[in-house]
S.K.: 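Submitted below is the structure of interest, expressed as structure tokens.
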2 protein chains.
Amino acid sequence: MTTGHVPYSSETLRAELNAKGCRMTPQRETILNVFKDLPEGEHLSAEDLHHRLRDLGEDISLSTIYRTVRLLARMGVLRELELAEDHKHYELNQPRPHHHHHLVCVKTNRVIEFKNDQILTISKKVADKFGFKVLDCELRIVGVSPEGQRSIF
Amino acid sequence: MTTGHVPYSSETLRAELNAKGCRMTPQRETILNVFKDLPEGEHLSAEDLHHRLRDLGEDISLSTIYRTVRLLARMGVLRELELAEDHKHYELNQPRPHHHHHLVCVKTNRVIEFKNDQILTISKKVADKFGFKVLDCELRIVGVSPEGQRSIF
DNA sequence: ATGCGTGCAAAGTCTTTGCAGCTTC
DNA sequence: GAAGCTGCAAAGACTTTGCACGCAT
């Protein structure tokens, strides 16, 4: 598996894990690598990740997947997205310039991604005011797409 | 039950429902009223709503509640929020000046609400570009609160 | 050697759905 | 009257958890 160009190595993860009394494992490394190889803008559900790992010949249990993505999201390594569906999606939590946001159609579930630098600026300012450290921010616009406007339901 | 000061009456809802071939029912009216009486910034889960209705002596089934909030959210009457927990919350989808956003702590689950007018402006611009009609927008900042920064997990 | 992590299977939580009868337009 | 709506109970989707064994530190 190639490891992409993101400056977040397995070793960095190991260090951050160890600092919390947690351990690096082959499963965690493999999962991190899948996310590192993910094209910008793609995001995976636990189930997606499971399938993808199977395709790569990696047999990691769903329990471990759920446990791992939750852990990585809490560490700020992954970004947890809640789009229009009923389950969460994850992607690598990219540094500033890659951050993107979502425009979702309530009717068709179409999701459009867009970028906007002001959002992070605003977020940092707000978080600062309350003493929070920002892990992630997402502007989620919910609306009706042109196609959706034509349907009754 | 008082009906608050929000300019969205049962009659308006009835009209919008009828326009789609749907009907006004006592259950839908009651549910709308609960949301209209909800203090700014409060949001209810389906379960919360069920309890609140019970307390008011209204016995509406959970199924109906789920069906109703989904319908109202799709109509843009309610705003569907996904905070840090594992279930959705709903609140009345207020006009511009009342819109608020959320700052969530991954560790403690604390949620802080804040307002920011730029967000709606940005959202409208983006939606416009893609031909979407905006129903709602929410900036969700995920981070670590001051309290959370002190705990290992 | 200690104790965290994994896999399995079972349980849990939240949400949706089929159906019969009642209600609204 | 026809088409929606409701309540009930059952099913469904997604996620979490207890436990025994194995592995990282």
S.K.: At under 4.0 Å between heavy atoms, what does A:Glu47 touch on the DNA or RNA strands: base, sugar-phosphate, or nothing?
M.R.: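 Touches nothing.
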S.K.: If I take atom CZ in residue B:Arg14 and atom P in nucleotide C:dT23, what distance separates them, rounded to the nearest angstrom?
M.R.: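 From B:Arg14 CZ to C:dT23 P: 15 Å.
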S.K.: Check if the side chain of A:Ser45 and the base of D:dC14 share a donor-acceptor pair of N or O atoms closer than 3.5 Å.
M.R.: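 Answer is no: no donor-acceptor pair is held.
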S.K.: Is there a donor N/O on one and an acceptor N/O on the other, under 3.5 Å, for the side chain of A:Arg67 and the base of C:dG7?
M.R.: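 Side chain to base: pair present.
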S.K.: Rounded to whole Å, how long is the line connecting atom CG of B:Leu62 with atom C1' of D:dA11?
M.R.: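 Going from B:Leu62 (CG) to D:dA11 (C1'), I get 15 Å.
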S.K.: With a 4.0 Å cut-off on heavy atoms, is A:Thr25 in touch with a base, just the backbone sugar-phosphate, or nothing at all?
M.R.: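 Here A:Thr25 touches the backbone only, sparing every base.
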S.K.: Assess the residue pair B:Thr30 and B:Asn33 against the criterion (side chain to side chain donor-acceptor pair (under 3.5 Å)); give the C-alpha distance rounded to whole Å, side-chain angles, the decisive distance to 0.1 Å, and a yes or no.
M.R.: CA-CA 5 Å; B:Thr30 304; B:Asn33 284 335; 6.0 Å; no
S.K.: Give the nucleotide from the list C:dG7, D:dT15, D:dC8 with an atom nearest to the side chain of B:Ser63.
M.R.: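 Looking only at heavy atoms from C-beta outward on B:Ser63, the closest nucleotide is D:dC8.
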S.K.: So which one's nearest nucleotide on DNA chain C is more toward 5', B:Arg23 or B:Ala46?
M.R.: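 First, find each residue's nearest nucleotide; the 5'-ward one identifies B:Ala46.
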S.K.: Please report, rounded to the nearest Å, how far the C1' atom of C:dC4 is from the CE atom of A:Met24.
M.R.: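 A:Met24 atom CE is separated from C:dC4 atom C1' by 15 Å.
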S.K.: Classify the angle between the aromatic ring planes of B:His100 and B:His43 as parallel (below 30°), tilted (30 to 60°) or perpendicular (above 60°).
M.R.: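 Answer is tilted, since the angle falls between 30° and 60°.
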S.K.: Assign A:Arg70 to base, sugar-phosphate, or nothing according to its heavy-atom contacts below 4.0 angstrom with the strands shown.
M.R.: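 Since only primed, P, OP1 and OP2 atoms lie under 4.0 Å of A:Arg70, the category is sugar-phosphate.
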S.K.: Given axes from five pairs at either end, by how many degrees does the helix from C:dA1-D:dT25 to C:dC25-D:dG1 bend, rounded to 10°?
M.R.: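 Overall, the helix from C:dA1-D:dT25 to C:dC25-D:dG1 bends by 50° from one end axis to the other.
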S.K.: Rounded to the Å, how far apart are B:His89 NE2 and C:dC14 C1'?
M.R.: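 So the NE2-C1' distance, B:His89 to C:dC14, works out to 12 Å.
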S.K.: Rounded to the nearest angstrom, tell me the gap between atom CD in B:Glu29 and atom C1' in C:dT24.
M.R.: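 Roughly 13 Å, once rounded to whole Å.
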S.K.: Could you state the CG-C1' distance from A:Asp48 to D:dC14, rounded to the nearest angstrom?
M.R.: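 After rounding, the gap between these two atoms is 13 Å.
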S.K.: Looking only at side-chain N and O atoms, does B:Tyr66 come under 4.0 Å of OP1 or OP2 in C:dT16?
M.R.: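 Result: no.
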S.K.: Take the protein atom CD1 of B:Ile65 and the nucleotide atom P of C:dT15, then report the distance between them rounded to whole Å.
M.R.: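 Rounding to the nearest Å, CD1 of B:Ile65 and P of C:dT15 are 11 Å apart.
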S.K.: For A:Gln27 and D:dC21, what is the distance between atoms CD and P respectively, to the nearest whole Å?
M.R.: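 Value for this atom pair: 18 Å.
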